[in-house]
Peer 1: 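Handing you a structure now.
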Amino acid sequence: MDLGKHSQLSNHAWAVADLLRGDFKRHEYGQVILPFTVLRRLECVLEPTRDKVADAYEGGELREFFLRRASGHSFYNTSRYTLKKIASDPQHAAANLGKYVAAFSENAREVLEKYDFAQQVKKLDEAKLIYQIVGKFADLDLRPEMVANQQMGYVFEDLIRRFAEASNETAGEHFTPREVIELMVNLLIAPDADLLRESGVVRTVLDPACGTGGMLSAAEEHIAAFNPGATVKVFGQELNPESWAICRSDLMIKGQDPDKIAFGNSFTDDGHLREKFDYLLANPPFGVEWKKIKDQIETEHKTDPDGKFTAGLPRINDGSFLFLQHMISKMKAPAVGGSRIAIVFNGSPLFTGAAGSGESEIRRWILENDWLEAIVALPDQLFYNTGISTYFWILTNRKAPAHRGKVVLLDARDYWQKMRKSLGDKRKEIGKDQIKEITRLYGEALTVADDPDHPLHSKVKVFRNEDFGYHRITVERPLKLRFEVTEETLETIRDSAKLNAHVDTGKLADALQPLVGTTWAKKTEAFAAIHEAAVAAGLLWPSKAPFLATLRDIVGVRDPQGEVQHKKKDVIEPDPDLRDYENVPLDEDVEEYLKREVHPHVPDAWIDHDKTKTGYEIPFTRHFYVYTPPRPLAEIDAELKSLEAEIQTLLGEVTK
C-alpha cells in the first residue's frame, strides 16, 4: 500500500480551503470538506451500477430491496446526476446538488445530514462557490479500485486531524494510529487463533467510542485473515457527528449494516442496550470529564443493583473507567463463550484514587473477579493528541487455565521507531516487526517470566491478582499533654465562642490571671487549680462535657513527655496530628506489620481497625524501575573543569 497516497488525496480535498477563505472561517472548512469527501466516495462506489439503479427507478421500481440489489450495496442513488454533471451547469448547481443528495437512500442521506449538509450548500451558493467546490471534488478519484477502504480510512482521518487542528479541538479524540490498532487487535484476538479458524465461525465486535471506525475495520480484517470464511459483525457508538457519519458510510461501502453504528452517548443512550459481544475494544478520550451526565450516572450507580456502574464511579474529571465498566457489562457469560476486551488508557487508571475511592473500588472489582489478563505499557509520543505514556488493558472472563488468578505486566515502551515526519504530538510509531515481536512476547509471557535467562525476561512480570491489593491502615498514637496558663491562653479564652456559651469568658480570663506561668503535669491538677480560681472569683463552674473539652484543648499543650489522655476510662485518645497511614499487602497480618515496621520507632502506636480500608492499585512503573547510579563525582568535576576551560577560551576570543 502506498502510504503517501492518502496524504496526496487529503491534500487535494483540503485544497478547497483556498476557495473557502474569506467566506468561511478557518474552523468551518472541515464542515464543507468532510461531507463532500464522503459524498464523492459514495458516488465513486456506486459508479459501476449507477445507470442500472436509475433504469430500475425510472421503470417504476420503488422497493428498497430491489434498488439495493441493483446497486450491489446497502445504499443507492436513483438519479443520473454526478458531481461532474452538476459542476458543468453553474447556474443550477445548488438546485441540482439538492436533487442529487435527495435521490440517495435514507441511510446515505442520514450520514450527510449529520454534517448539516443542506445548510453548507446554501451558504456555498450564497457565496457563489458551489459549482467550483463541486468541480474540485468531481476531480478527486476515490474509486475503490484506486483507493482501498483502508486507504480511504487514512484519508478521512487525515482530514479530521486537519479539521480538529483548525478548530483548536483534540484531533486524537476521533481516531487512533493504525499501527496501535493493529497491535491492540493482535493482543485481543491472538489467544483465539485456533478458535477463529473453525468453519462457519461468527464473531461480534463492539467499539463504544468508535470514532471513524478504524478499530472495527482492523478487527474485521484481522479475523478475516485468520479465517476468510468467518462472519464478522461490527457494532459501534460515537458521540461526534462527523466521525459517526464517516464510520457509518465506511460500513455501507463495505456491505456491513450501518445501523449497527449508533449515534449518541454510550452511557446514557446505549445504542446496543441488551446485546453482548465476543470482542470489545476502545480508545476512549483521556481525562474527559463526565459532568454533563453526572446526575444520570450517579442515579444508576445508587439505584440499579444490576447496573453497569455498581462497582464505583471515577472522579468527575476522568471518565475512563466508565467506558471500561460499560464494556464489561457487554461481556457474554462464560457459559456461552465469554468475551475479551482491549482498551487504551493513560497512566491514571492504574493508581489514581486511594483505598475506598471509586477508582480503587473499580480496580478491586475487576481483580477480585479475575478479569484482568494483562497490561501492556506502550511508548510515549504515540498518539496524535498527546505525548504521554499509554497502556493497553486486556480483560476477559474466560482466561486460559494458566492465566487464572494472574496478571501479566508487559513493558513495550522500547518498541518504537522514529517517524519521518511528526503528526501533532505523534513522533513515534510501532513498526511491523515490532508489532510481531510484542504479539509473540504477549503469547509467551508466562514462559518468559519464568525463565530468568530469557533475553526478554526483564520485559515481563507476572503477579497474582491479590498482589495489587492492600489494607490502608490508620496508625494512631496517644495524645500527650502538659497543662499551662499563659497570656496567650487567657486571650484564647476571652475569644472562645464555645466557652462563652457556658461562662463569661472575660471574667474567667480575669479570674485565671494569677495562674499565668503555672504548669501542671496532670489534667486533674490543672482543672482543680482553674476550678478553684473560678469559684474564688464568684463564677459558677460549668460541669458540662463540651465546656471541659474546650477548656482542656486551650490549656493543654502537646508534649512527648506529657500525660496520656483518655476518651473514656480505658480508651486512649489518639492525637490527630500524629496520625499516620500505611499500605499493607493483603496477604500480610497488619498487627505483625505494626510490630515489625512501626513499633521499633514508636512503640505506643496502635491500629484503629474501624478505619481500615481495602484498596487496589497497579504501580506499573515501580515494578519495572531500574536504578541508574549517579556518575562518579570525579567524572562530573572533570567535565565541569573542561567546560570552564572551553568558556574561558571563548571569552578570550571575544575580548581580543
Peer 1: Would you say that D257 contacts V234 through its side chain, given a criterion of any heavy-atom pair below 4.5 Å between the two side chains?
Peer 2: no

Peer 1: Kindly say whether T268 contributes a backbone atom to a donor-acceptor pair with the side chain of Q296 at under 3.5 angstrom?
Peer 2: no

Peer 1: Can the positive tip of K99 be found less than 6.0 Å from the middle of the six-membered ring of Y81, inside 45° of the ring normal?
Peer 2: no

Peer 1: If you define the side chain from C-beta out and look only at heavy atoms, does anything of E359 sit under 4.5 Å from R363?
Peer 2: yes

Peer 1: Which value, rounded to the nearest 0.5 Å, describes the distance between Y391 atom OH and I375 atom CD1?
Peer 2: 9.0 Å

Peer 1: Using modelled atom types and a 3.5 Å cut-off, is there a donor and acceptor pairing between side-chain atoms of R50 and backbone atoms of E43?
Peer 2: no

Peer 1: What residues, two or more places apart in sequence or in another chain, satisfy side chain to side chain contact (heavy atoms under 4.5 Å, CB included) together with W371?
Peer 2: I328, M331, W365, I366, N369, L395, N397

Peer 1: Could you walk me through whether V180 and N283 pass the side-chain contact (heavy atoms from CB on, under 4.5 Å) check?
Peer 2: CA-CA 10 Å; V180 176; N283 174 21; over 6 Å; no

Peer 1: Minimum heavy-atom separation for G30 to P35, with atom names?
Peer 2: O-CD, 3.6 Å

Peer 1: Would E238 and R248 count as a salt bridge (Lys or Arg N to Asp or Glu O under 4.0 Å) here? Give the steps.
Peer 2: CA-CA 10 Å; E238 176 54 38; R248 194 173 168 88; over 6 Å; no

Peer 1: Is it true that the side chains of Q91 and Y131 contain a donor and an acceptor less than 3.5 Å apart?
Peer 2: no

Peer 1: Please verify the inter-ring angle class for F104 with Y100; under 30° counts as parallel, over 60° as perpendicular, anything in between as tilted.
Peer 2: tilted

Peer 1: Within this structure, what is the CZ-OG distance for the pair F345 and S389, rounded to the nearest 0.5 Å?
Peer 2: 15.5 Å

Peer 1: CE/M252 to CG/L42 distance, rounded to the nearest 0.5 angstrom?
Peer 2: 5.0 Å

Peer 1: Side chains of L382 and P177: closer than 4.5 Å at any heavy-atom pair?
Peer 2: no

Peer 1: Please give me the minimum heavy-atom distance between P258 and S74, naming the atom from each residue.
Peer 2: CD-OG, 4.2 Å

Peer 1: Do N107 and S105 get their side chains close enough for a donor-acceptor pair, meaning under 3.5 Å?
Peer 2: yes

Peer 1: Give the intermediate values and the outcome of salt bridge (Lys or Arg N to Asp or Glu O under 4.0 Å) for residues R40 and D141.
Peer 2: CA-CA 8 Å; R40 176 57 178 157; D141 189 354; 5.2 Å; no

Peer 1: Does any N or O in the side chain of H326 come within less than 3.5 Å of the main-chain N or O of F309, such that one atom is a donor and the other an acceptor?
Peer 2: no

Peer 1: Would you please indicate yes or no on a ring centroid separation below 6.0 angstrom for F321 and W290?
Peer 2: no

Peer 1: Drop me the distance from L313's CG to Q325's CD, to the nearest 0.5 angstrom.
Peer 2: 7.0 Å

Peer 1: Near K233 NZ, under 6.0 Å, is it more than 12 heavy atoms from other residues, nucleotides or ligands?
Peer 2: no

Peer 1: Are the side chains of W393 and L350 in touch, meaning some heavy atoms are under 4.5 Å apart?
Peer 2: yes

Peer 1: Ignoring hydrogens and geometry, is there a side-chain-to-backbone donor-acceptor pair from E300 to K308 under 3.5 Å?
Peer 2: yes

Peer 1: Which value, rounded to the nearest 0.5 Å, describes the distance between D380 atom CG and N346 atom CG?
Peer 2: 13.0 Å

Peer 1: Please determine whether side-chain contact (heavy atoms from CB on, under 4.5 Å) holds for the pair Y415 and V376, giving the CA-CA distance in whole Å, both sets of side-chain angles, and the decisive distance to 0.1 Å.
Peer 2: CA-CA 12 Å; Y415 289 84; V376 179; over 6 Å; no

Peer 1: Any side-chain heavy-atom pair from Y115 and Q31 closer than 4.5 angstrom?
Peer 2: no

Peer 1: Can a donor-acceptor pair be found, under 3.5 Å and without considering hydrogens, that links the side chain of K330 to the backbone of L273?
Peer 2: yes

Peer 1: With respect to I341, which candidate in T396, L324, I394, L281 satisfies the side-chain contact (heavy atoms from CB on, under 4.5 Å) definition?
Peer 2: L324

Peer 1: Using a distance-only test with no angle check, is there a side-chain donor-acceptor pair under 3.5 angstrom linking D278 and T204?
Peer 2: yes

Peer 1: Working note: F383 + T390, criterion side-chain contact (heavy atoms from CB on, under 4.5 Å); need CA distance, chi angles, decisive distance, verdict.
Peer 2: CA-CA 9 Å; F383 289 80; T390 51; 3.3 Å; yes

Peer 1: Rounded to the nearest 0.5 Å, how far apart are CE of M152 and OG of S217?
Peer 2: 12.5 Å

Peer 1: Restricting to non-hydrogen atoms, name the atom on L46 and the atom on N77 that form the minimum distance, rounded to 0.1 Å.
Peer 2: CD1-N, 3.9 Å

Peer 1: Please determine whether side-chain contact (heavy atoms from CB on, under 4.5 Å) holds for the pair F156 and D250, giving the CA-CA distance in whole Å, both sets of side-chain angles, and the decisive distance to 0.1 Å.
Peer 2: CA-CA 10 Å; F156 282 134; D250 185 47; 5.8 Å; no

Peer 1: Using a 3.5 Å distance criterion without hydrogens, assess whether the side chain of W14 forms a donor-acceptor pair with backbone atoms of L159.
Peer 2: no

Peer 1: Any side-chain heavy-atom pair from Y76 and K52 closer than 4.5 angstrom?
Peer 2: no

Peer 1: For I223 and A230, work out which heavy atoms get closest and say how close.
Peer 2: CG2-CB, 3.9 Å

Peer 1: State whether the side chain of H272 and the backbone N or O of K260 hold a donor-acceptor pair below 3.5 Å, judged by distance alone.
Peer 2: yes

Peer 1: Under 3.5 Å, is there a donor-acceptor pair between the side chain of Q120 and the main chain of V32?
Peer 2: no

Peer 1: For N186, is there any backbone N or O sitting under 3.5 Å from a side-chain donor or acceptor partner on T439?
Peer 2: no

Peer 1: Would you call D139 and K136 a salt bridge, taking side-chain N to carboxylate O under 4.0 Å as the test?
Peer 2: no

Peer 1: Would you say that L20 contacts E28 through its side chain, given a criterion of any heavy-atom pair below 4.5 Å between the two side chains?
Peer 2: no

Peer 1: What pair of heavy atoms forms the shortest contact from I430 to I435, and how long is it?
Peer 2: CG2-CG1, 3.7 Å

Peer 1: Only counting residues at least two apart or in another chain, list the ones meeting side chain to side chain contact (heavy atoms under 4.5 Å, CB included) with E429.
Peer 2: E179, Q417, M419, K426

Peer 1: Specify whether F267 and F323 have parallel, tilted or perpendicular ring planes, treating 30° as the upper limit for parallel and 60° as the lower limit for perpendicular.
Peer 2: perpendicular

Peer 1: Testing the basics here: between I189 and A219, what is the closest heavy-atom pair and its distance to 0.1 Å?
Peer 2: CD1-O, 4.4 Å

Peer 1: Determine the sole option in L280, L188, V232, V185 for which the side-chain contact (heavy atoms from CB on, under 4.5 Å) test with V205 is passed.
Peer 2: V232

Peer 1: Indicate yes or no: at least one non-hydrogen side-chain atom of V344 is less than 4.5 angstrom from one of F392.
Peer 2: yes

Peer 1: If we ignore hydrogens and angles and just use 3.5 Å, is the side chain of S339 paired with the main-chain N or O of Y279 as donor and acceptor?
Peer 2: no

